[in-house]
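Note sheet for the following structure.
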Amino acid sequence: MSTDAIVLLKNDHKEVRKLFRQFEKAGDDDTERKGQLVSKIIELLTIHTYIENEVMYPEVRTLLPDIEDDILESYEEHHVADVLCMELFAMNPDNDRFDAKTTVLIESVEHHIEEEEGEWFPKVREALGRKQLGELGERMLAARQKAPHSPAQPSALKKTIDAVIK
């Protein structure tokens, strides 16, 4: 398995997009399945945003000041996703706003992924090179081991609060 930071993040993106498609294909009245899918989406996004916020973004922000605006926007997009995940985590799948809120989360995250993969990942790859991306990926894998799996865990709550006050 590659430890290239961008490869790791793109793999996460692929996995969460697969769950998005499954949610979109689920029947209108299949609330149990939708609830299971959203629980898994929340878990994956909680882990993913944690490792990006704790490892990838600070490192890239330091090494590539030219894309700082992109990084700051990404922090804000993560914050929006975190808030939606927290709301969905507390919401019953048969709530009449559950599907709508999940759809907004999907649209927001899809936009975020497109910007990362299309705009600033190529700049990061060009500037950092294989060795640095491998080292960064190793640090991300280590962070994944301690990452929260639920938006209600203290480290996930801290990340959400930090986004508001920093």
Side-chain angles (χ1 to χ4, degrees), residues 1-58 60 70-121 124 136-137 139-164:
M1 180 174 140
S2 174
T3 60
D4 180 293
I6 292 174
V7 171
L8 295 173
L9 294 176
K10 283 184 172 186
N11 286 341
D12 285 357
H13 291 169
K14 188 184 303 184
E15 191 174 351
V16 80
R17 280 179 152 160
K18 181 179 173 187
L19 292 171
F20 289 168
R21 300 298 82 79
Q22 290 175 24
F23 178 88
E24 292 167 343
K25 289 178 183 173
D28 288 340
D29 54 355
D30 196 354
T31 56
E32 183 178 339
R33 175 79 176 128
K34 286 181 175 179
Q36 292 167 347
L37 289 166
V38 169
S39 291
K40 187 64 179 169
I41 289 167
I42 290 169
E43 178 183 359
L44 292 179
L45 289 176
T46 300
I47 295 166
H48 181 81
T49 60
Y50 179 86
I51 66 171
E52 279 190 327
N53 286 9
E54 294 296 314
V55 181
M56 182 72 165
Y57 291 177
V60 170
D70 294 326
I71 301 296
L72 293 174
E73 183 179 335
S74 291
Y75 276 124
E76 295 307 318
E77 289 168 348
H78 278 192
H79 176 65
V80 169
D82 290 342
V83 170
L84 290 168
C85 284
M86 181 59 88
E87 290 174 356
L88 283 163
F89 180 77
M91 188 178 278
N92 201 323
D94 61 4
N95 183 300
D96 62 349
R97 294 175 62 185
F98 186 83
D99 284 8
K101 193 171 294 289
T102 303
T103 299
V104 171
L105 174 66
I106 290 169
E107 290 171 353
S108 175
V109 171
E110 288 281 7
H111 167 79
H112 174 74
I113 289 170
E114 288 170 17
E115 284 188 339
E116 277 188 345
E117 291 187 3
E119 295 175 25
W120 66 268
F121 278 5
V124 171
L136 190 55
R139 293 199 347 252
M140 287 169 42
L141 288 172
R144 186 182 301 269
Q145 297 305 311
K146 63 179 185 172
H149 287 238
S150 159
Q153 286 180 254
S155 54
L157 292 171
K158 180 186 180 309
K159 175 175 65 85
T160 304
I161 292 166
D162 285 349
V164 175

Heavy-atom side-chain proximity of His149 to Thr46 below 4.5 angstrom: no

From CD1 (Ile42) to CG (Asp82), nearest 0.5 Å: 11.0 Å

Derivation and outcome, side chain to side chain contact (heavy atoms under 4.5 Å, CB included), residues Asp12 and Leu8: CA-CA 6 Å; Asp12 285 357; Leu8 295 173; 5.9 Å; no

Glu15/Lys18 salt bridge by N-O under 4.0 Å criterion: no

Steps toward side chain to side chain contact (heavy atoms under 4.5 Å, CB included) verdict (Met140, Leu9): CA-CA 9 Å; Met140 287 169 42; Leu9 294 176; 3.3 Å; yes

Residue pair Ile47 / Glu43, side-chain heavy-atom distance below 4.5 Å: yes

Any side-chain heavy-atom pair of Glu107 and Glu110 under 4.5 Å: no

Spacing of Leu141 atom CG and Leu136 atom CG [to the nearest 0.5 Å]: 10.0 Å

Neighbour count >12 (heavy atoms, 6.0 Å) for atom CG, Asp28: no

Atom of Cys85, atom of Leu45 and distance for their closest heavy-atom approach: SG-CD1, 4.0 Å

Euclidean distance, Ile51 CD1 relative to Lys146 NZ, rounded to 0.5 Å: 12.0 Å

CZ (Arg97) with more than 12 external heavy atoms under 6.0 Å: no

Flag for His48-His78: side-chain donor and acceptor within less than 3.5 Å: no

Atom pair CD/NE2 of Glu116 and His111 - distance to nearest 0.5 Å: 10.5 Å

Polar side-chain atom of Ser74 near backbone of Asp70 as donor-acceptor pair, under 3.5 Å: yes

Inter-residue atom distance Gln36.CD - Leu19.CG, 0.5 Å rounding: 11.5 Å

Non-hydrogen atoms of Gly35 and Pro93 that approach each other most closely: CA-CG, 3.6 Å

Side chain proximity check, His13 to Phe121, heavy atoms < 4.5 angstrom: yes

Stepwise side chain to side chain contact (heavy atoms under 4.5 Å, CB included) test for Ile71 and Met56: CA-CA 10 Å; Ile71 301 296; Met56 182 72 165; over 6 Å; no

Reported CG-to-CD distance for the pair Leu37 and Glu32, which is rounded to 0.5 angstrom: 11.0 Å

Heavy-atom side-chain proximity of Thr102 to Lys34 below 4.5 angstrom: no

Contact check, side chains of Lys25 and Asp30, non-hydrogen atoms, under 4.5 Å: no

Side chain to side chain, Leu84 and Val109, heavy atoms closer than 4.5 Å: no

Geometric class of the Phe98/Phe23 ring pair [parallel <30°, tilted 30-60°, perpendicular >60°]: tilted

Glu24 CD: over 12 foreign heavy atoms closer than 6.0 Å: yes

Worked verdict on Ile41 versus Leu88 for side chain to side chain contact (heavy atoms under 4.5 Å, CB included): CA-CA 10 Å; Ile41 289 167; Leu88 283 163; over 6 Å; no

